[in-house]
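I have placed the structure first, in the form of structure tokens, so that the comments after it can refer back to it.
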Amino acid sequence: MRCGRSRPRCPATRPSWTSTTTPGLVRERQPRQGRGVQVQSRRRHLTPGRERDGAGKSTLLSALAADLPPTAGTVRIHGRPAPSWSAPELALRRAVLPQSASLSFPFTVEEVVRMGRAPWAAARLEDDDAVVAEAMAATEVTGFAARLFSALSGGERARVALARVLAQRAPLLMLDEPTAALDLRHQELVLRLCRARARAGDAVVVVVHDLALAAAHAHRVAVLRGGRVAADGPPEEVFTERLLSEVYDQPVEVFPHPRTGAVLVLPDRGGPVSA
């Protein structure tokens, strides 16, 4: 891949694409603050973050994406402190999917997906039409490419927003609850796409609520508790009954799938109901 002098600088090849925070503070837009955390995402890894509601996952993801400055510590992207990258340079290196997407203007689905190509406008290294078509096909939104984004259902909007991120072709993906509005089929579709991007060499960080999805698809999981990383590692090591019961304040059962051996996590419904 070559870049001319007038074109955006291409991301250099490195052994890994990383986004890390050293132990420090991340200030939220709300009064509550996150505590010291350290998280790293590597190439060819899918890393979901899990914690109970309102505990700072989205804030941490915003800090890792360099959208929210930490009050202490350092966020590094591709081995460099995040502030050393310009906004156009960051857009070539990481793509971010927020929890929700809304538009004030009547853009069609295809136009929204094509927005993901904006960082590469000066480079023209790939056929934009082909990249956009591939992203829409992967997320199964091609059938309504001409419809207005504002007319879509919540699940359809979520898939279009993901298609935009995929079209950006950044080697670091950060997705905040991409499966929240999706049905069972499309939840699996999204996580399979994440796995495929990881196999292709990208680093993928995902915030998810569904422990079963995380266990089935992740290479590593990070469980947060009270703004801190309570555990970080392979799902089969991190997802224990004791830890998850404490984090969620809800008894859970953890056991292997009878056919595949994959970790299954279910609420323990055998105990008494607490008031």
Side-chain angles (χ1 to χ4, degrees), residues 11 14 16-22 26 28-29 34 37-51 55-70 73-83 85-101 113 115-116 118-119 135 138-139 157-182 187 190-210 213-214 217-224 229 232:
R14 294 283 187 99
S16 64
W17 284 81
T18 61
S19 179
T20 38
T21 57
T22 57
V26 176
E28 300 191 33
R29 293 179 178 86
V37 294
Q38 182 168 341
V39 178
Q40 184 175 40
S41 179
R42 301 180 179 89
R43 287 183 64 223
R44 303 183 186 278
H45 276 69
L46 170 59
T47 309
R50 286 299 309 121
E51 191 180 21
K57 300 181 299 294
S58 296
T59 300
L60 176 59
L61 195 68
S62 294
L64 292 173
D67 290 332
L68 185 66
T74 305
V75 175
R76 296 180 181 274
I77 294 179
H78 196 55
R80 279 173 47 181
W85 297 110
S86 67
E89 288 173 331
L90 276 177
L92 296 176
R93 289 161 173 81
R94 63 97 176 93
V96 183
L97 179 69
Q99 280 191 27
S100 60
V113 178
M115 292 176 186
T139 54
R157 290 188 187 191
R159 284 153 50 206
V160 172
L162 176 62
R164 175 192 61 77
V165 168
L166 295 178
Q168 192 171 335
R169 291 286 178 92
L172 173 59
L173 301 182
M174 297 182 173
L175 314 178
D176 194 354
E177 299 188 24
T179 61
L182 302 182
Q187 287 178 7
V190 167
L191 270 296
R192 287 199 303 270
L193 287 173
C194 292
R195 287 278 295 196
R197 289 297 296 264
R199 284 196 301 269
D202 294 340
V204 186
V205 181
V206 184
V207 172
V208 292
H209 274 290
D210 193 317
L213 282 174
H217 294 281
H219 299 96
R220 291 173 53 232
V221 295
V223 177
L224 277 68
V229 176
D232 178 10

State, yes or no, whether a side-chain contact exists between [X] and [Y] at a heavy-atom distance under 4.5 Å.
| X | Y | value |
| --- | --- | --- |
| R220 | D232 | yes |
| L213 | V208 | no |
| L166 | L173 | yes |
| D67 | R94 | yes |
| V206 | V190 | no |
| M115 | Q168 | no |

Q) Looking at residues at least two apart in the chain, or sitting in another chain, which of them share a side chain to side chain contact (heavy atoms under 4.5 Å, CB included) with A167? A) V113, R117, V131, A135
(Q) For R157, give me all partners under salt bridge (charged side-chain N to carboxylate O under 4.0 Å, His left out), at least two apart in sequence or on another chain. (A) none
Could you grab the distance from atom [atom1] of [X] to atom [atom2] of [Y], nearest 0.5 Å is fine?
| X | Y | atom1 | atom2 | value |
| --- | --- | --- | --- | --- |
| D176 | L97 | CG | CG | 7.5 Å |
| R159 | L193 | CZ | CG | 11.0 Å |
| E89 | H78 | CD | NE2 | 10.5 Å |
| Q99 | S62 | CD | OG | 9.0 Å |
| T74 | R80 | OG1 | CZ | 14.0 Å |
| R199 | H219 | CZ | NE2 | 7.5 Å |

Of all the heavy-atom pairs spanning [X] and [Y], show the shortest one and how long it is.
| X | Y | result |
| --- | --- | --- |
| A158 | P178 | CB-O, 4.5 Å |
| W85 | L90 | CB-CG, 3.6 Å |
| L64 | M174 | O-CE, 3.4 Å |
| A170 | D202 | O-OD2, 4.0 Å |
| L182 | Q187 | O-NE2, 3.0 Å |

